[in-house]
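Written below as structure tokens is the structure these notes are about.
Since the model is a prediction, treat every value here as computed from it, not as a measurement. Just so we're on the same page: letters track the sequence lines, and every chain starts at 1.
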Protein chains: 2
Amino acid sequence: MTASSPAASASPAPRRRGRPPRGGETAADAPATRDRILTAARETFAQHGYDKASVRAIARRAGVDPALVHHYFGTKEQVFEAAVAEAAAPVLDGANVIPEGDPHHIGERLTRFFFGVWENPASREPLLAIVRSVVTHETAAGIFRRFITRNLVRRVAERLDVPDIESRIELAVAQLVGVAILRYVVRVEPLASAEAETLIRRLAPVVQFHISGGAAPLGPR
Amino acid sequence: MTASSPAASASPAPRRRGRPPRGGETAADAPATRDRILTAARETFAQHGYDKASVRAIARRAGVDPALVHHYFGTKEQVFEAAVAEAAAPVLDGANVIPEGDPHHIGERLTRFFFGVWENPASREPLLAIVRSVVTHETAAGIFRRFITRNLVRRVAERLDVPDIESRIELAVAQLVGVAILRYVVRVEPLASAEAETLIRRLAPVVQFHISGGAAPLGPR
């Protein structure tokens, strides 16, 4: 893996080498390097969008040779997929927990979890980067579509015995995605400044209603 | 208004004149020219996003001089605002009708109206263009934010006597916006292929619940 590998010179743009990997690449460095590339990928996709983000730019930001990005992740699509997986990891951990416990409170657990992830700037930023790429680029949308179907909707659905559960989960997720767009992206008032706890109290019964098919009580709170 | 007005030469890019306005600019042509520029603006914002869309590119697509775009609309921000207003016009017409009639069916009217706009490719395309620009560009988000607050939320809110009605309407709109994102942008299944009528039946009670504060019955349908 050298700076002059063919993968590094595929682009017709003038060559600019990244800083060499700090301390060289050894087996012990690999996880740190991989993480550094992922962080750089997330920042690059966030700043420039999927279209304009190049493997070369990601490598430059990570301070590694572009060939190393290809080595760890493959194509730009695969780098994006890995960045989505990394940003979504806390969501997926939550998705595992959500179906456990009292099924009448699954709506509250999902809603509370969702706000936990979005209210925390450290997890919000990567999610915003994904939202921007997914909305503007069909390839990114396709990656995201396969990802949430396989990893989120099916994993929650297979633990719940409710007819038509996949579309029910998607309508519940749509409620939360719409709140994320209006509160964190568009920042429309008064929604953007509302207390998270107030919103959780309003949204949890709706999420519950979608998922449990109206079986749970859905009154004013 | 000539091809060599100062506004047309503000950009340092090499000059490329658009085709001259068809048949010259007379008072009778003005509405058609304005419409042609708006259509070109919408297509240009949709294709390139807010950032990369230039007044020059919009003018070229419309077959007019860039100075004419400035003449009718002003800055790029103002062109975008006009494109938002045009794409949102059917939504706003609906917003006027929504608060009329039985307040227990306002959720169904809003939901049905929303699907009417999004299911029709002619009105869906401009809305998709707005979504893409708003999500990726802060200026566009700001324009959109002011626009929906002034024109949609307040206009519906002032006709309804419910406490905290603005945030209630926003949560209802968030449910519908999230469905639009997952169904028409990300196209996640089974939501993307579901019958609109099925979704309206599922969503109308939720929209009603948000707006009427749980006062209306919200049971399974």
Pick from [options] with the largest number of heavy-atom pairs that fall under 4.5 Å of chain B:
options                         : result
Val185(A), Val177(A), Leu171(A) : Leu171(A)
Val188(A), Thr198(A), Val179(A) : Val188(A)
Ser167(A), Ala141(A), Ala180(A) : Ser167(A)

What part of Leu199(B) is in contact with chain A, defined as an atom under 4.5 angstrom from a non-hydrogen atom: side chain, backbone, both or neither?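 The side chain, not the backbone.
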
Atom group of Leu182(B) that falls short of 4.5 Å from chain A, counting heavy atoms: side chain

What pairs of residues pass the salt bridge (charged side-chain N to carboxylate O under 4.0 Å, His left out) test when at least one of them lies in residues 179-191 of chain A, not counting sequence neighbours?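 Applying salt bridge (charged side-chain N to carboxylate O under 4.0 Å, His left out) to every pair that reaches into residues 179-191 of chain A, excluding sequence neighbours, yields Glu119(A)-Arg183(A), Arg187(A)-Glu138(B).
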
Short question: side chain of Gln78(A), backbone of Thr75(A) - any donor-acceptor pair under 3.5 Å? yes

Just by distance, do the side chain of Arg124(B) and the backbone of Trp118(B) share a donor-acceptor pair under 3.5 Å?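 Checked: pair present.
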
Look at atom CD of Glu197(B) and say whether more than 12 heavy atoms of other residues, nucleotides or ligands are closer to it than 6.0 Å.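 Atom CD in Glu197(B) is packed in, count exceeds 12.
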
Between CZ of Arg60(B) and CD1 of Ile58(B), what distance do you get to the nearest 0.5 Å?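 Between Arg60(B) CZ and Ile58(B) CD1, I get 11.0 Å after rounding to 0.5 Å.
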
